[in-house]
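Here the structure is laid out as C-alpha cells; the discussion comes afterwards.
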Amino acid sequence: MNKTYTPKEIEPKWQAKWEADGLYHADIDPNKPKHYALTMLPYPSGDLHIGHWYAMTPSDARARYMRMNGYNVLFPMGFDAFGLPAENAAIKSGIHPMARTRDNIVRMRKQLRSMGTMFDWRREMVSCEPEYYQWTEWFFIQLYKNGLAYRKKSPVDFCPNCNTTLAREQVWGDDRHCERCGTPVIKKDLEQWFFKTTKYADELLSYEGIDWPERVRILQTNWIGKSEGAEVYFHVADGAAALMTIFTTRPDTLWGATFMVISPEHPLVEKITTPEQQAAVQTYKAQAARQSDIEREATDKEKTGVFTGAYAINPVNSAKIPIWIADYVLMSYGTGAIMAVPAHDERDFAFARKFELPIIPVIQPEGQPALDGATMEVAYSGSGKIVNSGPFNGTSVNDKKGKENPGIIAVARWLEEKGFGKLAVTYKLRDWLISRQRYWGSPIPMIYCEKDGWNPVPEDQLPVTLPENVAWKPTGESPLKLHPTWKNTLCPVCGGAATRETDTMDTFMCSSWYHLRYLSPHFSTAPFDQREYDYWMPVDTYTGGIEHANMHLMYTRFFHKALRDMGITKGNEPMTQLRNQGMVLGEDNEKMSKSRGNVISPDLLVEKYGADTVRAYLMFFARWDMGAPWDSQGIEGSARWLRRAWTLITDSTTNQPLATAEVRRDIRRKVHQTLKHVTRDFENFEFNTIVSALMSLLNDLYKAREAGAAGTPEWREAMELYVKMMAPLTPYVAEELWVNVLGKPYSVHTQPWPVVEEEAARDDEITIPIQVNGKLRDRLTVSADASEAQIKALALASAAVQKYLEGQTPKKVIVVQKKLINIVV
RNA sequence: GCCGGAGUGGCGGAAUUGGCAGACGCGCACGACUCAAAAUCGUGUUCCGUAAGGAAUGUGGGUUCGAUUCCCACCUUCGGCACCA
C-alpha cells in the first residue's frame, strides 16, 4: 500500500459519515461525567477568517481530548447574529438585515463544518431568530421585575447631518467626526435603559471557585475599580441653597482643600454659576462635551478649567473656597465633584499652579523640612503627620488606602459624628447601558402609557418581533419608531392606547445567556430545559479572546448572578475555567484587515492543504495564548509532518521484524514518554509542544524503522498510540489511518485516551552534565540507578575534569540527583 | 500618564521546582535521487575563532556553586484604559 495522503478525499468522506452517525451528539448521560466546552460564538460576518480557526480548532482539540478521557462532552456552536454591520449594509444597499444574516449563516455553517470540529449542530442557536430573542426579552422582563433595569438620561454620540446615533467605532479622528459624512459629532441626552451591574460590584470582585487567568481577573478588578474613602458635604456659599457632595479617598487632607472642582456636566453648574461667569462656563462646557475620552485622559495635556464665580464652605474649618469646573473631573465617577488638595494630589497641584490657586500642606513627612505651599515643586502623597488640621494635628498617616490608614479612618469617623460626611466606597464600574437606537437588535419588551407609565409586555405576548418592512433611511431615530404601526399597542394595565419602546438591546445582552440556550435551543416553555441545566451547567471550559475580559465576560457573570438571585440559575459563576487565545497577525506582523491586504483565507488553505494541516499548523506555530504572525512557508512544515506520518503508518506493515531487543525497548520508552508529555500539555492548553512532541516521536520512529522495528509488537503499539494522539489534533487523517490503515474499529474518536506505562517510559541510562565552576566540561552516561557516590567518583575521574582541576582538590562538589554535577575549584 | 503582558539564532518558538540554552519547525547551505525540476531522503546550520577556546536569552546591577527562570533599576514593544480624586 503506497497511496499518498489525499486530504481532499479523506476529509469530506469522514465529515459526512460523522454527521450521518451523529458521532458528536451530546445527550444527557447520567453514567458519565459531563464536560461543557464552550468557545465564544462568532458574529456572522459572512466569512470565517483564520482568527476563528485559531480560536476554535485548539478548543476543539481540547474538547476531543476530554471526550477520549471518558467525559460526555458538549461542544456547541451558534451565531451572535444581531449587530451593527448588518444594519449598516441595510442603510447602504437596502438589503434586509435578516436576509443578509441568514445568508451569511448558511455560508459560515459550511465553513465551520470543514474545520472538522465536534460541534453538535442540533444544539445551534441564532440570536436574531424570534425563537431565541423571545427569551432575551423574557430575561429583560425578569431583570426589570427584580428592580435591576431602570431608565435614566444618558448622552450618546450623534451625527447631526446623518441624523443618527453613532457607535464609538463610528466616530473617527481627534476632531470626533462621523465616519460616513465627516460632520463633527455632538452629544445628545436620551432616556435609556440600564441594568444595575453596580449592585454586583463587590461580588464580581471575588473569583472564588473559578480558574480564570490572573490577567483577566486583574483587568476585571481594575475595571470594577473599588476605592474606599469618604463622602463630604460642602454648602455652597451665598444665596444658592445648594449642597455639594464630594467623594475623596483622602479625607485626612480636608484642611488642605483650597478649591473645588466639579465636572462640566454636573447638574449644579447651572445653579451656582454667577452671571459674570456664565459665558465662560458655557463655552467651556461646550468644549468639554466635544472632547473625546482620549483627549480628556491625556495627562501630558495642560490642565484647563473655568471658575464658576461660586464658593463653597469647607465644613471642617469654614474656609470659603472657589468652585471651578474642569474636564478632568468626570460626572460618571464618584459624585462628579471633588475637593482639590493641591499639596497632596498631583493633578490638583498642576491645576493650582496653572491658575495660581493657594497650596496648603497638611501632611508633613517626618524628618524633613516643613513643606511650603509657595515653593513645593511636586505634590506630596506619602506618609507623615497631619498638620494645619485643627483637632487632627499630629495624627499619623501611612501610605495605605482606605480603612488601613489611621489618618483616614480617624478623620472619617469624626466627619460621621459631626454629620459632615461619611465613609463611602466608590466604583469605577458603571451600570450597563443596554439601549441602542437601532433596528437590528432584540426589542426591549416595554410599553409606555400616559396613565400607567412603563410596564413590561405580558409574558404570554412574547416575543415582541421585529417588523419586516421598515425604511432604512437614517432619521435619527430607531427605524422602529418610524414604522407606521409597530409601536402602537395597548397598555397592559389599563388597556388604553400605548406605545412600545422602540430602542433595541445591546448585543452583549444576547451573548450573556447563549450558553444556556445551547442546552435546549428549541425549548418553548422556558429559556432552557431544567434537566439539561442540571446536567450540563456550569460551563467547564470557556475559551475566547482576551479583548472580552471587561465587557462580555463581566456582563455574563453579572447576568448569571442576577438570575441566581431570582432562582433561575444555580451556583455563583457561569464558567468554571477560562482560557484565552492570542491573535494571529498578518505576515507583515500587523493586525489582519482587508484594508491592509494581509488577510489569510482559511478556505484557500483548506483547499491547498486540507483542514488537518491548517489545524496542526495553528496549534504548532505559536503559543496559543500569545499568537504570532502568520507564515505561509511555515505551514509547509505541518503539511510535511502529516505526509510523513501518513507514509510511515501506511508503509510500516510490510517490513520484516529484525529489530534488536534494545531498539524495541527504545520505541516503547519514547512512545510512552511522548504520551506523558502530550497528556500533560493537553491539560495545560499547550498545543504547540504537543505537535512538536509528535513530530519528534515521528523522527525517532523513522530511525527505528531503519533498524528493522516495523512489524514488531512494539511497533504496532506505537502506530496505535500515535494515531490516538493525533486524533484530537487532526481528526480526519487520524480516523482514516485508524480505520482503513490500522484496520481498527470505527471510530478513533470514541477510543479511550491511552494510559502512560511508567515502567516503559522510564530511562535506563541517564546523561549527566559535569560542570567545573559552572561551565560544562564533560558528560557522564550512567545507569539510572547509579548512586550519588558513584556518580561523584566518575565525575572526578573524568579526564576533562582533571584538566581543569590542575591537581587541586575541589572546594565543593554539588551533585543534583540525576540532573547535574558542579565541581567548584 | 496608569495597569497588564512580552523581549531567547535569519524567522516562529522550546527549556514544566534555580540545574546541559536553542527541542520541534520554517528558512538556508551542501549532498543523494532525477535528463531536469518538484516532491522525497541525508548532513549541517547561535555568534566569534583555523583550532584550543571564548561569548551569548533586551540593557545594567544583585542573590546563588549555578539565573532565560528569583530580586532591583532601566530600555523597547504589544494590549487595556474611564486624568479614578
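Just so it is clear, the model here is predicted, and its values are computed rather than measured. These numbers come from the heavy atoms of this one structure, side chains and all, not from hydrogens, waters or symmetry mates. Proteins come first, then strands; the chains are lettered A, B, ... in the order of their sequence lines, and each starts at number 1.
- Side-chain contact between Trp630(A) and Leu605(A) is present, with at least one heavy-atom pair separated by less than 4.5 Å.
- G9(B) adopts a syn glycosidic conformation, its chi angle falling within 90° of 0.
- With C24(B), A82(B), U16(B) as the choices, the nucleotide that has an atom nearest any side-chain atom of Ser696(A) turns out to be C24(B).
- Each of A82(B), C24(B), G19(B) was ranked by its minimum atom distance to the side chain of Leu820(A); first place goes to G19(B).
- By the 4.5 Å heavy-atom criterion applied to side chains, Thr253(A) and Ile363(A) are counted as neighbours.
- When heavy atoms are screened at a 4.0 angstrom cut-off, Trp223(A) is found touching base atoms of the nucleic acid.
- At a threshold of 4.0 angstrom between heavy atoms, the contacts of Arg777(A) are confined to the sugar-phosphate backbone, with no base atom among them.
- When distances run from any side-chain atom of Val816(A) to the nucleotides G19(B), C84(B), A14(B), the shortest one goes to G19(B).
- Checked against G27(B), C20(B), G66(B), the side chain of Gln633(A) finds its nearest nucleotide in G27(B).
- With distances taken from any side-chain atom of Asn550(A) to the nucleotides C84(B), A85(B), G80(B), the minimum falls on G80(B).
- The CZ atom of Arg643(A) lies 12.0 Å from the OG1 atom of Thr6(A); values are rounded to the nearest 0.5 Å.
- Closest approach to the Arg644(A) side chain among C84(B), A23(B), C41(B) is made by C41(B) (side chain taken as heavy atoms from C-beta onward).
- The shortest side-chain heavy-atom distance between Ser381(A) and Glu346(A) does not fall under the 4.5 Å cut-off.
- Looking at the side chain of Val824(A), the nearest of the listed nucleotides C24(B), A14(B), C65(B) is C65(B).
- Distance from the side chain of Arg643(A) is smallest for A39(B) among the nucleotides C84(B), A39(B), A14(B).
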Inset, instruction - Take nucleotides 2-13 of chain B nucleotide by nucleotide from the 5' end and write B, S or -, depending on whether a protein heavy atom sits under 4.0 Å from the base, only from the sugar-phosphate, or from neither. - result: -SS-S-----BS
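- In this structure, Phe194(A) and Ile434(A) have side chains that are not in contact, with every pair of non-hydrogen atoms separated by 4.5 Å or more.
- Among the nucleotides G25(B), C65(B), A55(B), the one closest to any side-chain atom of Lys775(A) is A55(B).
- Heavy-atom nearest nucleotides on RNA chain B were determined for Asp345(A) and for Gly774(A), and the one closer to the 5' end corresponds to Gly774(A).
- Residue His677(A) is in base contact, counting any heavy-atom pair closer than 4.0 Å across all strands shown.
- The side chain of Gln771(A) approaches C20(B) more closely than any other nucleotide in the set U16(B), C20(B), G54(B).
- In summary, the aromatic rings of Trp624(A) and Phe687(A) are positioned with their centroids under 6.0 Å apart.
- A 3.5 Å limit on both hydrogen-bonding distances identifies C72(B) as the Watson-Crick or G-U partner of G60(B).
- Inter-residue side-chain proximity for Tyr555(A) and Asn550(A) is flagged as unmet; no heavy-atom pair is nearer than 4.5 Å.
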